[in-house]
Amino acid sequence: MSTASTTVQPRSPAWANIGRALTQNESIVAIILVVFVVVAALINPAFFSVEHLFNVLRSSIVIGIFAMGTLIVLVSGGVDVSFTAIAVFAMYSSVQIMIATGVDNIFFAFALSAAIGLGLGLINAALISFFKLPTLIVTLGTLWAYRGFLLEYVGQKLVTDVPDGMTDFWRANLFTTQTERGTLTSLHSSILIVIAVAIITWLILKYTMLGRGIYALGGAPEAAERAGFNIRLIYFFIFGFVGVLAGIGGIVWASLARVADPNTMVGYELTVIAAAVLGGARITGGRGTVVGTLLGVLLLQTINNSLILLHIEPYWQQAVVGLIIILGTGIPAWQQKRARRQVGTNI
């Protein structure tokens, strides 16, 4: 007579589950953000004011819109540096068309700029998918091509008298309050655009076959193609989506600044990429989340605004961005290498 015995696996203690949760990149970024806010508030109490909070959120709006497109590109294993050129091209061209035609409507401005951005983004997609060129090389080339075409054939003059519809949009605040100094501070309604774009991006990446294809493309392009994903179609969606977001972000930028400048947004590419990488998106592809990217944007903009509030030279802001890129790419690479060693040891 034999007796069957079962082995009961011991439960992991609660602190172990918490420890595993804290290793998630989103949790780490959130903790760093909280610690930084507390330390900065202790140094300068003005950091905890509603005015400063609104300033951080306002400065995060356009960066947040761009970051959603950058996230999808990074997840797919690519790097796009042309989105600021697309944004400026689409925004400035739309303003010039509105002035020339007399059409003064903010929804028309968004639609037209998004359409122009879509067209420019699809040019990137065509070059990448048909000629099998690296995304970084293509977008670096189109960055200068779009800017050169804009300045040569569309215009170089600063437009300070933007259409009234954009000025009205500038006044559209969600919430306005009075500061301790007696001045007014407000949260702009364009924060709703960031929320909407983030939700759409999250739904695409999490619940659609297209999103799975984007992750698969970033993980292993050959395997993704063998699995039946249409790689060319995915590239056209990715860079078309980036173009649309760039066009929308360009109009938001010009409306908040109340000026259409063909030379604006230069150099913001690395800031946006750094925010996405800081939030957990890997430049090697296959990994990245919307929540992590938004936290990365908030942390980066909090640091930038705090350095200004603490009277630290702006050159240090550039140094911080560079350090973030190094850490954001180096730490995941080290973790991946360490994981491979552990797998090799266990075999």
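Because only heavy atoms are used, hydrogens play no part in the values below, and waters and symmetry mates are left out as well, while side chains stay in.
Residues Val103 and Ile97 form no side-chain contact, since every pair of their non-hydrogen atoms from C-beta on lies 4.5 Å or further apart. Taking 4.5 Å as the limit, some side-chain heavy atom of Phe169 sits within range of a side-chain heavy atom of Phe110.
Scanning for ring-ring contact (aromatic ring centres under 6.0 Å, His included) contacts around Phe229 gives an empty result, with sequence neighbours left out. Under the rule for a side-chain contact (heavy atoms from CB on, under 4.5 Å), the partners of Thr302 that lie at least two apart in sequence or sit in another chain are Leu33, Phe36, Val37, Phe47, Val56, Ser306. By the ring-ring contact (aromatic ring centres under 6.0 Å, His included) test, Trp170 is found to be paired with no residue, residues two or more places apart in sequence or in another chain being considered. With sequence neighbours left out, Asp168 forms a side-chain hydrogen bond (donor to acceptor under 3.5 Å, both in side chains) with Arg171. In this view, Phe66 and Phe83 satisfy the ring-ring contact (aromatic ring centres under 6.0 Å, His included) rule, not counting sequence neighbours. Qualifying side-chain hydrogen bond (donor to acceptor under 3.5 Å, both in side chains) partners for Thr142, counting only residues two or more places apart in sequence or in other chains: Asn124. Contacts of Tyr146 classified as ring-ring contact (aromatic ring centres under 6.0 Å, His included), with partners at least two apart in sequence or in another chain: none. Partners of Leu184 under the side-chain contact (heavy atoms from CB on, under 4.5 Å) rule, at least two apart in sequence or in another chain, are Thr176, Gln178.
Applying the ring pair (Phe, Tyr, Trp, His ring centres under 6.0 Å) test to residues at least two apart or on different chains, the pairs with a partner in residues 246-269 are Trp253-Tyr268. Within the structure, no pair that satisfies the salt bridge (Lys or Arg N to Asp or Glu O under 4.0 Å) test touches residues 256-268, not counting sequence neighbours.
The side-chain contact (heavy atoms from CB on, under 4.5 Å) with Glu269 is formed by just one residue from the set Asp80, Leu143, Val79; it is Leu143.
Atoms CD and OG1, from Glu51 and Thr183 in turn, are 5.0 Å apart once rounded to the nearest 0.5 Å. In this structure, CD1 in Ile128 is found 11.0 Å from CD1 in Ile137, a value given to the nearest 0.5 Å.
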**Report entry** Val73 vs Thr139, side chain to side chain contact (heavy atoms under 4.5 Å, CB included): CA-CA, chis, key distance, verdict
**Finding:** CA-CA 11 Å; Val73 176; Thr139 57; over 6 Å; no

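Ring pair Phe237/Phe241 is parallel by interplanar angle, where below 30° counts as parallel and above 60° as perpendicular.
Residue-environment remark: CG (Asn263) exceeds the threshold of 12 foreign heavy atoms within 6.0 Å.
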Donor-acceptor pairs under 3.5 angstrom involving side-chain atoms of residues 291-299: please list them, not counting sequence neighbours.
{"residue": "Thr293", "atom": "OG1", "partner": "Thr289", "partner atom": "O", "Å": "2.8"}

Between side-chain atoms of residues 190-210 and protein atoms elsewhere (two or more places apart, or another chain), which donor-acceptor pairs fall under 3.5 Å?
{"residue": "Ser190", "atom": "OG", "partner": "His188", "partner atom": "ND1", "Å": "2.8"}
{"residue": "Thr201", "atom": "OG1", "partner": "Val197", "partner atom": "O", "Å": "2.8"}
{"residue": "Thr208", "atom": "OG1", "partner": "Ile204", "partner atom": "O", "Å": "2.4"}
{"residue": "Thr208", "atom": "OG1", "partner": "Gly211", "partner atom": "N", "Å": "3.0"}

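A donor-acceptor contact closer than 3.5 angstrom is absent between the side chains of Ser60 and Gln301.
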